[in-house]
Structure formats: structure tokens, C-alpha cells
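Residue indices begin at 1 and follow the sequence shown.
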Amino acid sequence: MLPIATVHVRIVDPSKDLNSYGLGNVDWKERVEGWKLKQDKNIMQMTNRYPEGKGDIEGTGSNGDELQMADDARQPLSRVVPISSSHLTPYRVVIILRLIILGFFLQYRVTHPVKDAYGLWLTSVICEIWFALSWLLDQFPKWMPINRETYLDRLALRYDRDGEPSQLAPIDIFVSTVDPLKEPPIVTANTVLSILAVDYPVDKVSCYVSDDGSAMLTFEALSETAEFARKWVPFCKKHNIEPRAPEFYFAQKIDYLKDKIQPSFVKERRAMKREYEEFKVRINALVAKAQKMPEEGWTMQDGTPWPGNNPRDHPGMIQVFLGHSGGLDTDGNELPRLVYVSREKRPGFQHHKKAGAMNALIRVSAVLTNGAYLLNVDCDHYFNNSKALKEAMCFMMDPAYGKKTCYIQFPQRFDGIDLHDRYANRNIVFFDINLKGLDGIQGPVYVGTGCCFNRQALYGYDPVLTEEDLEPNIIVKSCCGSRKKGRGGNKKYIDKKRAMKRTESTVPIFNMEDIEEGVEGYDDERSLLMSQKSLEKRFGQSPVFIAATFQEQGGIPPTTNPATLLKEAIHVISCGYEDKTEWGKEIGWIYGSVTEDILTGFKMHARGWISIYCMPPRPAFKGSAPINLSDRLNQVLRWALGSIEILLSRHCPIWYGYNGRLKLLERLAYINTIVYPLTSLPLLAYCVLPAVCLVSGKFIIPEISNYASMWFILLFISIFATGILELRWSGVGIEDWWRNEQFWVIGGTSAHLFAVFQGLLKVLAGIDTNFTVTSKASDEDGDFAELYVFKWTSLLIPPTTVILLNMVGIVAGVSYAINSGYQSWGPLFGKLFFAIWVIAHLYPFLKGLLGRQNRTPTIVIVWSILLASIFSLLWVRIDPFTSDSTKAAANGQCGINC
């Protein structure tokens, strides 16, 4: 594969030096210079012909194409689509008003204690103050939401013209999988097939599948997938079908003949569907065979033992299934490269789970193909849009964005979700509101899949920033003024200190005489600033990989020996390669949390990189999500646990990265992503308060005046107004918003609560507690049958207890009001509203417990009744809201014998 030339183009003023606009392609320079000479010549001829200035000299004849070419070169590959001010201005006004109202509300709450229920009042005020801070962290990063639009036609015109060699950058795509019995091979196969059929030059695409469980089932399934791809890929490209994952293409309930004009399509589609069904049968046979491992271990087809029989102790394995050395489809066309990778594992080494596997893929891909950009997807996230790579390149190869963009994040979309999305699996509010807001600041957070990376950013390098990028943020500007003053108005000025830092960290020169066999051909264009020893300490002891890091545009020299590269690729995935290097600390995916995605994105943003949120009209990727209650809670538990680990680490955004270029609102967003599990503590207390108030007859608010009630009413109005206006500019439906609110309470009273204590035990005491899920019962099969399967987990206990307590409180409160007369109904309504608010938010959880046949598992009922009874008995015994004088008076009253 030839290195890709630099082709960034941005013509603003032909009189200026082309290099100042990032025009690095020699061929492009020659074309533009030739066009300028022709224009000068034409102008002279026209001047001689029409000395008085008559005539039209605008591009005629052969010059028209060059003029059009130059005009197209001026056009950006994407643009920011601002949200209408009629939507944003009211939204921002309401946010400010809500902030003011919240201040008056908290001032009233703090200065008006409830003396006969001081404990309840104090608890509620502390909770409300925390909720206010949490709202601020969540709200203000959504202050500047934007949309974006790409121009694929301009990308093709500039980098991928018909009849010319494509100048699109090479991309390496990573697919990660661990256990094929939990992650079905047919799902992984569909993801791989959608990658191999992507609409992108085949010599620029390489797919790497990481098997971190060293399963022969995954290896054999991938071999079958490679064979089926020879038929599937040409069918997809010939008929331009979407999506290009066969399982989901054939399952579409649409008119598949729409827009199809080739008479052979129906016949070929029918034949391909039969081929796919036969392929599925072969995969199913492999899965059935793999259910029980033989005592002697697995054996490959040639009779040799499978090297990965012990998933914790095996050598590194690499197998190239398809590629540039003979991987052709049935039409004789080349196929993208497909590589199986299973890194070495040995006892006594820390392997760092998914983050370690991804770092191994970075090194393997750099040695074998060295794509300038990387894209990672989970094994269950297939390409739903075959042009997704081109969508990403509209930003990565744009002169205005490419050099400072660390990654392009696509939203996650899901198949197989129940119609009403009971447990907010789609996460629409996060993807369509929060990430749009971050895109207007410094870019979205990395969410772990569906993300295209700049390889240089993963190597820990700083971005190339202009003076405009180095300007202080709006808060610093308002306090300290702008940096432009005194710079002489130089638009291209780059801060010398940061430029030197960039030079020192990103331009290490490798002595080409020291490069081993197989690496000849890399150009040495950098001055010596880092020694060989420093490079090895940073990147590891692989001269081939180190040399590959210099190729900013990707590619490997054509003179390299494939056998030598494969040997080096095995070396870079050895389990001891990362020892005493910066892998996982400053380079690649960052270690230290089960949510490595947050850490990795945060480190890049802290260096000054920006990220971009790309939402094409047709979703780029689609995946699967757990629709079962217990599975969903355990997924949320894992995310929350990762946030707690980051909170208690040195990379906590509260105190890390102040020497970098992380913007204030971006920092607030990152702080919100790691402190949100702590909200579970005040949330649980606040959800129990209604039951306590109803049982005790006390309330958290004293009798209020009309003035005070006005602030309460205004606060509720501002909350609803903020939500409605947010839905208005984002296009999110009210049902999705309500499901998000409900699951915030469900997750907060269960998974987030457990994550806090589990994280504290893990980080502070070194105790790793796992909450396992086991199947308890199952309803009959049917549509979304998994939705009704009950799996016991201790995460179910706290929310169930909260529901029971509030139900008991409602019964107790209503009974007391009936016995006490009509005068007690007025104070009761506020308490009842409070309790019903809690139950309404937990209603999806209650439905999940009842299942399809409305049966709540006995174990949940027993545990919850036990906790509720203990709580009630303690309450009666302690009686915290009765003063000592009242108790003494009650004890001194005469009985019937007085």
C-alpha cells in the first residue's frame, strides 16, 4: 500500500503562498499554478483584443473546468447548521430565569426550617442543594447546541474523482469481541460483512477483529465469514443496498424493490438470501459444536491443537483472511483486508480488558496497514450507512478541522428495542440533546463505539492549533481581555510555547539507519529531537511501529517484506510489550477505569483536541441493547462504576488538566459524567421522604405564605418550560424525555447506588465485588420475550423497597385523614403528590417486576417486605419527630385507674 499524499486544500487568496493554507499535494499545486498561468495569459490576450475593457474573460472553453475546479476547492466539506434563534433564545432565557428562581427557592428553604420535623427538613434541603448543583453541571454544557451537515459530493470531487486514483485516507476498522457464547458469532459476522461491503476504496479499508477470549469458535466463524463475503460484497455494491449487514437487510419489512431497476435483482436477491441462510446454518453448527470443550482441548482442521485453548495463557495469534495478496470476490474484484487478532496472554500480567485489546490493535494495524484514521465498533454494532466512513472523512480531511480533530463520534442507534422503550435503552436524550450541546463547545465525549479517531491523537500528540484556537474562552475574555492585542494582527500566529511543546512531543526523529529489515522506504523528514531510547520508552521496543508513527497520512512502504511485518506484528501484541512504556497512560486507550472511553476522550480534550458529532440523516451504525430489566441495570452499574473509578483517580476532571486547553463548559460536562452516581444518595433519601412524611404526619415544608408559594409554582413552571423548549430545538419526543426521567430515578435508586459503594470498596480497600445475574424464570417466547424474563439481582431490592414504603405511606396517610376529619385532607395532598411522583417514576420498574403475567418473584417481595418492616419498627421505636417534652407529657397522663 502506497503512502497517501497530503491533499488538504483551502484556497482563499491565490496571491498568497499555498503552504500557508495547508496545500501539501504537489500535483494539486501544479494544477493550481498551471491554472493561474493560463488565467494570466488569457487576461493578456483579452486585454490586447479589447483594449477598452470590453468582452467576457470568465472561464470559457478549456478554462471553464479549471475555474470550476478552483471554485470547488474553496468550498468546505461540511458546515455548522446553527439552531434557529427563535428556538435557542427562549431556551436560554428560561435557563437564566430558572437559575434565579432556584436561588430564591433555596434561600426560602434554608431560612425557613420546620422545627417539629427538623431532621426531615434538613435532609430535604441537603438533597435539594445537591440536585441544584447537579442540574447546573448538566444544563450549562447544553448552552450552545449545533447541528452539522456534510457534503459527500465535494469530498468525492476533491479526493475521489472517477477515473483517477483515490486520494481518500486509509482507515483501519476495529471490531472487539470476547466471548462468542455471550456475543453470538452470527452477530459479529454481520458486523464484519457490513464493514467489508462499505462504500469506500477497498485498498483503503482494513478490518481487524480482536478476539480477547482466544476462542476457536470466533476464528472458524470469521473464516466462514470471509468466504461468504466473496459473494455478499459484490451483491451489495452492484445493487447499492442498505444496510449491508445481511441479517438486518433481509429482515426489513419494506418494499425492497423500491428504486431497483435491474431485471436481475429479484433473482439475485433470492439466490443471495438462500446463500445467507446456508451460511447461518454453518455458523449455527459451529456454535453447537462449541458448547462443550473436549478434554484434550480444541483441535484445528489440520489436526494441530488450537493455541488458545487456555484463554488466560496462550501466545499471540494473527491470521489474515482477506487482503491485497489474493482476496478477490466472485467478480474478480479486490476485497478489503480482514485480519484476526488475539493478543498474547500469560499469568501474572495485567491485560487491562478492552482498553488493552484496543491498544494491541493500534500497534498491529500500524505495522500491517497503518491507516491514517481508526474506527472502532463493538461486535454488535454494524454499519447501517455504507457511506459512514466518507461522512467521517468530510471532517478529518477538511483543512479547517482535520489537524485539530481527535475523533468523530456518531450517535448510537439500536434495533430490537420494545415499542415504548420501557427502560430508556435508546438514550435519545443523551445522544440528541447532551452531545449536540457539547458539539458547540469542544466536542462530544467518546462513548466507546461508532467513533473514528485520528491516529496521531491516540499517540498522545498535541493538535496543530491556530491563534484563534488559542484564544481564551469567553469567561477569561470577559475578565482578562483578548490575546490578539499586541500580536500585530497576524492571523496565523501560533503560540510559541505550545508550538515548541508540539514539536518536542510529536516530531521525534527516528534514525533510519537503525531501522531493521523490512522498514526501508519510510521518509526521514524530521530533525533529531528525541533519541532512540526515548522513543522506545514512549512507544515500546519496535522500530517498525515507531517508524510507522511518523506517517501522518498513513500507509506503509511498498518495499517492506510482509513476512517481516507479520513477525513484528506478533511482537507488538506480546503481553510484556507495554512494560515501562506510556501505553495506557498517555498513549492509546487510557487504563484505570472500566469505562475507558471517558478517560481516553478526556485526555485528548485536555491536550486541546476537538471532537465532532456527526449525525447523518441515515444512522451510521446500529446495534443491540439489553431490553431486560436486570441486564439493563447491570449495564448501567458498569458505566457508573467506571465513573466512580475516575472520580477517585488522578485523572478526575475536577482537578486534572488545568495546564491544557480544556474549555470550562467541556470540563463541567466531564465532571457531570463522573459525579452523577453520587446523586443516588440524595435521590434515595428524597424518594423515601414522602413515606416518612405520610407515616409520621410531618412535612418538609412549613405552612407557606402566598409569597413563598409563588416561588414553588414558578420553580415547577420553569422546570417544565426548560424541558419543553429543550424538546423543541432538539426534536426529541416527549415520550423519550419522560422515559429518560423515569429511568434516571430507577437507575439512581439501584445501579448508581451500588456503584458508589462498589467503587469505594474497589478503589479504597481493593475489594472487587461483582453483582452477577442469573436466570430465575422465563415467560413464554414471543415478541420481545427477553423483556419479560426475570433475572435475580440484588440491584432490584432498593427500588422495590422504595415502592413498598411509599405505598404503605399512602395507605397510612389516607387512613389517618379519614379518621381525623376533613381538616387533615389539605396538608395530606402535598404529601400524596410527593409519594405519587416517586411511584410514577418507578412505574416501569414495577412493570418489569410483575412480568407479562403480573407475577412478582417471591424473593423480591420477601427482601423488600423485610426491609420495609425493619424500617417501620425502627421508626416506631425511635420516634424521632416527637420532642422529649411531648413524650414525657404522654408518659405522665393518667390511665383508667387514675
Checklist entry - Given L77 and Y159, is the side chain to side chain contact (heavy atoms under 4.5 Å, CB included) satisfied, shown in steps? => result CA-CA 11 Å; L77 301 178; Y159 298 114; 4.0 Å; yes
Item to check | Side-chain touch L689/F834, heavy atoms, less than 4.5 angstrom | outcome: yes
Item to check | Pairwise side-chain contact, F720 with L725, heavy-atom cut-off 4.5 Å (strictly under) | outcome: no
Next on the checklist: So L458 and C406, do their side chains get closer than 4.5 Å, heavy atoms only?
Outcome noted: no
Item to check | Ring centroid separation H841 to W738 under 6.0 Å | outcome: yes
Next on the checklist: Measuring from atom NE2 of H605 to atom OH of Y446, what distance do you get when rounded to the nearest 0.5 angstrom?
Outcome noted: 13.0 Å
Checklist entry - Which class fits the ring pair Y656 and F602: parallel under 30°, tilted 30 to 60°, perpendicular over 60°? => result tilted
Item to check | Side-chain donor or acceptor of H381 paired with backbone N/O of V377 under 3.5 Å | outcome: no
Next on the checklist: Side chains of D432 and S730: any donor to acceptor distance under 3.5 Å?
Outcome noted: no
Checklist entry - Do you know which two heavy atoms are closest between K663 and I441, and how far apart they sit? => result NZ-O, 3.5 Å
Checklist entry - When rounded to the nearest 0.5 angstrom, what distance separates CD1 in I839 from CZ in F845? => result 13.0 Å
Item to check | Nearest non-hydrogen partners of R158 and P399, listed with the distance | outcome: NH1-CD, 3.8 Å
Checklist entry - Taking the side chain from T595 and the backbone from D597, do they hold a donor-acceptor pair closer than 3.5 Å? => result no
Checklist entry - Do D418 side-chain atoms and R422 backbone N/O form a donor-acceptor pair below 3.5 Å? => result yes
Checklist entry - Side chains of I408 and E391: closer than 4.5 Å at any heavy-atom pair? => result no
Checklist entry - Would a line drawn from the ring center of W130 to the ring center of Y686 be shorter than 6.0 Å? => result no
Checklist entry - Is it true that the side chains of N384 and D415 contain a donor and an acceptor less than 3.5 Å apart? => result no
Item to check | Atom CD1 of I734: over 12 foreign heavy atoms under 6.0 Å | outcome: no
Next on the checklist: So that I know where these two stand, are Y407 and Y373 an aromatic pair - ring centroids less than 6.0 Å apart?
Outcome noted: no
Item to check | Ring centers of Y382, F621 separated by less than 6.0 Å | outcome: no
Checklist entry - When rounded to the nearest 0.5 angstrom, what distance separates CG in L99 from OG in S718? => result 10.0 Å
Item to check | Check: A400 main-chain N/O paired with D398 side-chain donor or acceptor under 3.5 Å | outcome: yes
Checklist entry - Looking at F104, is R98 sitting on its ring face, NZ or CZ under 6.0 Å from the six-membered ring centre and within 45 degrees of the normal? => result no
Checklist entry - Are the side chains of F174 and L375 in touch, meaning some heavy atoms are under 4.5 Å apart? => result no
Item to check | Test item: T89 side-chain N/O and S86 main-chain N/O as donor-acceptor pair under 3.5 Å | outcome: no
Checklist entry - With side chains defined as the heavy atoms from C-beta onward, is the minimum distance between L753 and L684 less than 4.5 Å? => result yes
Item to check | Candidate pair M393 and I171, rule side chain to side chain contact (heavy atoms under 4.5 Å, CB included), full reasoning | outcome: CA-CA 10 Å; M393 291 303 103; I171 303 176; 3.7 Å; yes
Next on the checklist: Looking at R426, is its backbone amide N or carbonyl O close enough to the side chain of D421 to form a donor-acceptor pair, meaning the two atoms are under 3.5 Å apart?
Outcome noted: yes
Checklist entry - Is there a side-chain contact between I646 and S593 (heavy atoms, below 4.5 Å)? => result yes
Item to check | Atom of L633, atom of A751 and distance for their closest heavy-atom approach | outcome: O-CB, 3.4 Å
Checklist entry - Has the side chain of S643 got a donor or acceptor atom that lies under 3.5 Å from a matching backbone atom of I674? => result no
Checklist entry - Is the NZ or CZ atom of R154 both under 6.0 Å from the centre of the six-membered ring of Y151 and within 45° of that ring's axis? => result yes
Item to check | Worked verdict on F430 versus L435 for side chain to side chain contact (heavy atoms under 4.5 Å, CB included) | outcome: CA-CA 6 Å; F430 174 75; L435 293 192; 3.7 Å; yes
Item to check | Contact summary for L683 and V745, nearest pair of heavy atoms | outcome: CD2-CA, 3.9 Å
Next on the checklist: I'd like to know if the side chain of Q742 and the backbone of L842 have a donor-acceptor N/O pair within less than 3.5 Å.
Outcome noted: no
Checklist entry - Going from CG on L168 to CG on L389, what distance comes out if it is rounded to the nearest 0.5 angstrom? => result 9.5 Å
Checklist entry - When you measure from the side chain of Q409 to the backbone N and O of V447, does any donor-acceptor pair fall under 3.5 Å? => result yes
Checklist entry - Which pair of heavy atoms, one from I644 and one from G759, lies closest together, and at what distance? => result CG2-CA, 3.8 Å
Checklist entry - Does Y423 offer a backbone N or O that forms a donor-acceptor pair with the side chain of R632 under 3.5 Å? => result yes
Next on the checklist: Any donor-acceptor pair under 3.5 Å linking the side-chain atoms of Q442 with those of S611?
Outcome noted: no
Checklist entry - To the nearest 0.5 Å, how far apart are CZ in F743 and CZ in R739? => result 12.0 Å
Checklist entry - Could you go step by step and tell me if T150 and R79 meet the side-chain hydrogen bond (donor to acceptor under 3.5 Å, both in side chains) rule? => result CA-CA 7 Å; T150 56; R79 75 182 182 100; over 6 Å; no
Item to check | Straight-line distance of L715 CG to I101 CD1, nearest 0.5 Å | outcome: 7.0 Å
Item to check | Criterion side chain to side chain contact (heavy atoms under 4.5 Å, CB included) on W639 and I598, from CA distance to verdict | outcome: CA-CA 10 Å; W639 296 342; I598 296 176; over 6 Å; no
Item to check | Side-chain donor-acceptor pair present, R638, Q635, cut-off under 3.5 Å | outcome: no
Next on the checklist: Exactly one of K436, K142, R92 should register a salt bridge (charged side-chain N to carboxylate O under 4.0 Å, His left out) with E726. Which one does?
Outcome noted: K142
Next on the checklist: Using side-chain heavy atoms (C-beta onward) and a distance below 4.5 Å, is K390 in contact with D160?
Outcome noted: yes
Next on the checklist: To check you understand the geometry: which heavy-atom pair defines the closest contact between S85 and P90, and what is its length?
Outcome noted: O-CD, 3.7 Å
Checklist entry - Can the ring centres of F410 and Y613 be said to be less than 6.0 Å apart? => result no
Item to check | Cation-aromatic face contact R667/Y658, 6.0 Å, 45 degrees | outcome: yes
Checklist entry - Passes side-chain hydrogen bond (donor to acceptor under 3.5 Å, both in side chains), D138 versus N434? Steps please. => result CA-CA 8 Å; D138 179 69; N434 293 69; 3.1 Å; yes
